[in-house]
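Residue numbers start from 1 in every chain, and the chains themselves are labelled A, B, ... in the order their sequence lines are given, proteins ahead of strands.
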Amino acid sequence: MRTKIAPILNLVEENENLKPLTNRRPVASLPFACRYRLVDFPFSSLSSIEAPSAALFISGSGHSLYDHIRSGATWGLESSVGGGVFTHSHINLKAELEDPQYQGNYYDDHYHYVSRSHAEYVMIMGSNMLSNIRLDSLLRFHEKKDSDATVIYKKIKRSEVREDSIHSALIMSEKDNDKIEGIRPVTDTTDPNDSLLLNMEMMILSKDAFLNYLFKAKKENLDVSVKHIITYCHGSEHNIYGYEYTGYLKVIEDIGSYYQANMDMLNEDNFNSLFYRSNPVLTKLKNSAPTYYGKHAEINNAQFANDCEVYGKVENSLVFRKVTIAEDAHIEDSIIMQDSCIEEDVHLKYVILDKHVYVKRGAKLEGTPDEPIVVAKDSVIYEDGTIEEGE
Amino acid sequence: MRTKIAPILNLVEENENLKPLTNRRPVASLPFACRYRLVDFPFSSLSSIEAPSAALFISGSGHSLYDHIRSGATWGLESSVGGGVFTHSHINLKAELEDPQYQGNYYDDHYHYVSRSHAEYVMIMGSNMLSNIRLDSLLRFHEKKDSDATVIYKKIKRSEVREDSIHSALIMSEKDNDKIEGIRPVTDTTDPNDSLLLNMEMMILSKDAFLNYLFKAKKENLDVSVKHIITYCHGSEHNIYGYEYTGYLKVIEDIGSYYQANMDMLNEDNFNSLFYRSNPVLTKLKNSAPTYYGKHAEINNAQFANDCEVYGKVENSLVFRKVTIAEDAHIEDSIIMQDSCIEEDVHLKYVILDKHVYVKRGAKLEGTPDEPIVVAKDSVIYEDGTIEEGE
Amino acid sequence: MKTETVAMILAGGQGSRLGKLTKHIAKPAVPFGGNYRIIDFALSNCANSGMNDVGVVTQYQPLILNNHVGNGSSWGLNRHNGEATILQPYSSMEGEKFFKGTAHAVFQNIDFIDKKNPKYVMILSGDHIYKMDYQKMLDYHKEQEATLTVGVMPVPWEDASRFGVMNTDKTDRIIEFQEKPENPKSNLASMGIYIFNWDRLKKYLVDNQAKDRQLTDFGHHVIPAYLRNNEAIFAYSFEGYWKDVGTIESLWSANMEFLDPEHELDIRDRNWRVYSNNPNTTPQFLTESAKVTDSMITDGCYISGEVVHSIISHNVKIGKNSSIKDSFVMPNAVIGENVKIEKAIIGEGAQIHDGTEIIGSDDNIEVVGYDEEVGGYTDEN
Amino acid sequence: MKTETVAMILAGGQGSRLGKLTKHIAKPAVPFGGNYRIIDFALSNCANSGMNDVGVVTQYQPLILNNHVGNGSSWGLNRHNGEATILQPYSSMEGEKFFKGTAHAVFQNIDFIDKKNPKYVMILSGDHIYKMDYQKMLDYHKEQEATLTVGVMPVPWEDASRFGVMNTDKTDRIIEFQEKPENPKSNLASMGIYIFNWDRLKKYLVDNQAKDRQLTDFGHHVIPAYLRNNEAIFAYSFEGYWKDVGTIESLWSANMEFLDPEHELDIRDRNWRVYSNNPNTTPQFLTESAKVTDSMITDGCYISGEVVHSIISHNVKIGKNSSIKDSFVMPNAVIGENVKIEKAIIGEGAQIHDGTEIIGSDDNIEVVGYDEEVGGYTDEN
């Protein structure tokens, strides 16, 4: 059944702690698990409920994101039927912005998209809460509760997010466990072992509730964000509920959590939870050949995409497309992105190579589990371990 | 035959004199002739020679352009095969820009695109020289002449472009009429009746010649433009030829020329030259119903797109999709863009309505052939002729 | 998401009563309404009803039809979870598989349906003009716990004997089926739209095949067999415009009705759009000498003559001093100067030379075939 | 741009020598090399040669094949000027049109080719593994001013009697054709690749049909007829890897050759890519207990066992302590624990239960059919 839903992907996401990986791409474009980008996960959730269109709000030019999403055909977002993908780049968060001309566009773009979409509901999502949400279940919950707005949360330990995390937690009503009573910063909780209900910054709300909020937001110069809408709902007469997500979740907020999320995939439970227990995860298809493993290849607990040639030793690592690993090279606990080339006798441990890095014969590089070494796109690593950064 | 060509669409084009039509769109996105946008013309030329990919350089966010081009499938630019569309937005002309970080990207983006494209030739095009070029003929000319670089020009009267036009003219060698000897601003010619060979700012050049120029351009901080490449070729040992275009051409450089280009289409010779004598012009397909003309409709020399409902009188005008014209309304010498609604007893003459303008019952508006009234997107025109501008 | 329903659009018929209009193309591919082919209505209904898994069964002259349907992308039917598939005769280890009737066509494509493993199979015809929400019919089928639901519509009693008629009890359960009865007991005509529980239908088709009793046709064989076995068959009543354009006259009159801006089919309704696979062509050009009233014109047309109460499809040229009235002109036709056409259907790509007159009447609509040339030097008599 | 050449890929054959591998699917749709189906090579050759107008003639069990080819978009064959079209049996006013042979299949699709109005028609087979620039062969055809050019390749003299052999004069003009001759006069074997001038070929097909002498097969009927009429027939020699994978043994050995990273087919050559219609699946997961050497593994695989000198297609699961050697495993197969497989082809979706042994030899490659279950409770003997 085609769902009467207008999804808004709010991809203006904090990326300071993810640099240099986010130097030239938004968080949504971060490569993940050998074949994906983070934005594939919300898009795949939307595809499963057959959302006919989506509006994207992106800070920066979104070049890498456009090239990935194109017409959205991968996720059934056709342009001739249903609307397709509407993209809005160079969006700034309202709080940072004083120029009223841009602010006008920001609210108008939201308004036009939603009002013209023939939708009953608006869905707001981001890309930095890595997860795979069954939106059909959410929708049923939302309808059954006769809710105006429903926010997705997960019960996590305080230690699962950064000490200075910018994210927030829900406070549920004592009378009705499903009802949201308030919201507070996760930093209010200090004991790392304490539980909290993380606001996953995804919500569904009625078109009316959304447009009402938009009117207020424009007047008061507020961002269109889940956090603000929760606060708004409490100030007005809107019912707002929480929907618990129990599958795999990782908050991608720094290099450490990004590294850990990838490594998590080498654990079968996590891998199956994210890829096989919910919606199939769809990504842009590229023509490819099978990966070849050479006569002396040694592989131990690793994942690869197609199009690689592997002659060396790879352990506890993830390898993206079109990577060559020469004989007697040894890769451990690392993430090797697309188009990288690793020569003989190289040893990498706790390393993240961004796309198209060339590692010369004999080079050794070793980070730590907490602080993996990140090598920027197009870099060259020489035998003595010096890194010539890509332009 | 699939052509080994890497097209670069340089869409960073002067738009000051086209405001307000270019307030929120680049020149390339300007609607034209009821169904098209200017960028459809270079894209259709490329489609006819089966170019497998294209790189776009756009100033500003390019939102309207992205939504039009999407995956480029309309013009055979598929993503899984051959490369597809590579988009680079928020490009500034080098001369305006001091921040070396951005400059790095500008040249690198060009370099990566061309070097990875498996192409033999680079084609540079823009969108403000409205024309329909047979690139297969150009290619044959280029190969027959054993040329390093070939520039397309047209013989025009000086009066065909603005008095202060920023465009340039070619100077051909006296020994070899096809050889370019120099370039000069069209403003050097002052007599409006004089002929000149307008540089159409489209050229084909060998991959090597292009990469050589790019190297120099990066060092000297030059734009990748036809004008600069011509000058470069003269300074080096490269052969550079001119290829004469004899079909319909209009330089879109201000509201007057934009208006005239549209009106030109009501002349059969121009219409046939642009649409039927060369490549078929392809644009993004939208699902549509036939246009309905009411029992008392009066039409005289006008063009319409599908999806309109016309009950009134329309003369010497162009009407885009989803326009309603009520009974006893009278439209003359005007351009009515998509989604506009015209009520009863309205009279418009020499008017350009941008998209989604609402003209209330009884309103009258009359410009002049030289200065048509331009009404911005989303405006409302009241009975007394006052215009409430769209946000 | 698992496939709940597979929709099978039967588009294999020749439609021989349309005469030369279906000589080289299947009836569902016949142009309609300026911008459409007949099958667009069934396909758009599927898309708008969220029935994304569609088999289009073709057999008779399918080239244009297959090309039109393609991979279903024009209707949004090319998704990861749902797609349009063309099903045509083929050969197998058991021999050549042509389709001898509506039910037989489904029997021959059991493998296709089984691969989708649906709970329900919906049978549709590719040659009716209507807008219908199939999802509502499916909801009804589930509510009634039916094993077969038949789409019916009330027709005037005097016409009932021209249809297959369903007699129902007070609960809308079908208790009798009469094919073109002389004395109809009901005025509920079958629309040729069925929802079956797939496992049950498959059992009927396979078991009877094994006994060498082919269930060839749904109306003649399957419904009677279901009735004999006291299956829960229900009638789902459809109210709204529905037209079988099986004859020249009905094709013409359906077009004339379609033309009316107040027509209940409402082609401009944005909530239930009729999609098609449209060509990339130029704007419509109405010259100084054009006079167009109460008509639909489509992109790519060049009109210099007079058009009154007619539908002109895309890329049609009409010369000076010509007049077209009460007619339907299919795509790419070229009509010269001083031509007079009234109450006619002009086929795709037909050429009507200068000075020709083609005048039909309400009882006898004139037809010019596809690519046919009329008038001029080539055919002067 | 006008269509210069229409390529007709004949993909209707059953390939009966492949036994159970072609029971439910046509030979050109048989999986190959981990990520491909056999027809991908011909389709990619068309795309890379700039032959954008392609008719894919299907007949035998075409569901998977048609679904794979779709609208040709995986090969970039869905452009405004050029597209892939599936051509299957159909019915017409003249009756049912099945394809009785290679030339007859072209005869039955004259309408399709005429619509494109090409100068040349290229005939290709959908079941060969090779990379070839058809444009070069077309250039040769034009240079020689041939009315028919036949693609040939030199084979070892001792094998020549297994092929259709072309005897040429010094100018490469073909003067004699011998089908599987006992004493071959030449070692130039026909590859089943032809370029015809369309108007000429059409005349032969139609004229002979009119005389009730059907030209059913290109090798048996059309080439002899051309020779009798002294047409300008030339041989175009192809040098390079070419393999007809018509038997179990040749399918297996072609896969084993393909596996070699130094193989001349060079699947990783970016200038002549082999495209396919790949599924959207997960990365390949090689667990702690996996041991993979000299093998190709494809996305979606989950490997816990040992794989040596084998091709494992997408979405295959291999359990712990299992060992796969010198084998080709097709997509979606599930192989349990403690399984031993050597010199075998495992069909799509086959299930090999725990503890099973499947051991073939060079002379007798073991084959497990599609969706077949081996071992376990269901088949314990």
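- Contact count versus chain A (heavy atoms, under 4.5 Å) is highest, among D:A290, D:P261, D:G34, D:G300, for D:P261.
- D:L259 touches chain A through backbone and side chain together, each having a heavy atom under 4.5 Å away.
- The minimum heavy-atom distance between D:G33 and A:P290, with the atom names listed, is O-CG, 3.3 Å.
- Contact count versus chain D (heavy atoms, under 4.5 Å) is highest, among A:A297, A:S288, A:C34, A:A33, for A:S288.
- For residues 323-332 of chain D, a heavy-atom distance under 4.5 Å to chain A picks out no residue at all.
- Contact annotation: the side chain of D:V307 never approaches that of A:Y293 to less than 4.5 Å [non-hydrogen atoms, C-beta and beyond].
- Heavy-atom minimum distance, D:S276 versus A:N287: N-OD1, 3.0 Å.
- Proximity to chain D among residues 306-320 of chain A is limited to A:N306, A:D307, A:C308, A:E309, A:Y311, judged by heavy-atom separations below 4.5 angstrom.
- Put simply, NZ on D:K291 and CD1 on A:I299 are 10.0 Å apart, with the number rounded to the nearest 0.5 Å.
- A 4.5 Å side-chain heavy-atom check between D:N280 and A:P280 finds every atom pair outside the cut-off.
- Heavy atoms closer than 4.5 Å to chain A are found nowhere in D:V308, neither backbone nor side chain.
- Distance check: A:Y292 OH to D:I311 CD1 gives 10.5 Å after rounding to the nearest 0.5 Å.
- Looking only at side-chain heavy atoms (C-beta outward), D:T282 and A:V281 stay at 4.5 Å or farther from each other.
- The shortest non-hydrogen separation linking A:R35 to D:P283 is CD-N, 3.5 Å.
- Side chain of D:N278 to backbone of A:L285: no donor-acceptor contact under 3.5 angstrom is found.
- Here the side chains of D:F285 and A:M265 are not in contact, with every heavy-atom distance at 4.5 Å or above.
- When side chains are defined from C-beta on, D:C301 does not count as touching A:F304, because their heavy atoms never get closer than 4.5 Å.
- The line from NZ of A:K295 to OG1 of D:T293 is 9.0 Å long, rounded to the nearest 0.5 Å.
- Annotation: side-chain hydrogen bond (donor to acceptor under 3.5 Å, both in side chains) contacts of A:T324 (sequence neighbours excluded): none.
- If you tally non-hydrogen atom pairs under 4.5 Å between each of D:I312, D:T298, D:V274, D:D299 and chain A, the highest count goes to D:D299.
- Listed by sequence position, the residues of residues 334-342 of chain D in contact with chain A number zero, using a 4.5 angstrom heavy-atom cutoff.
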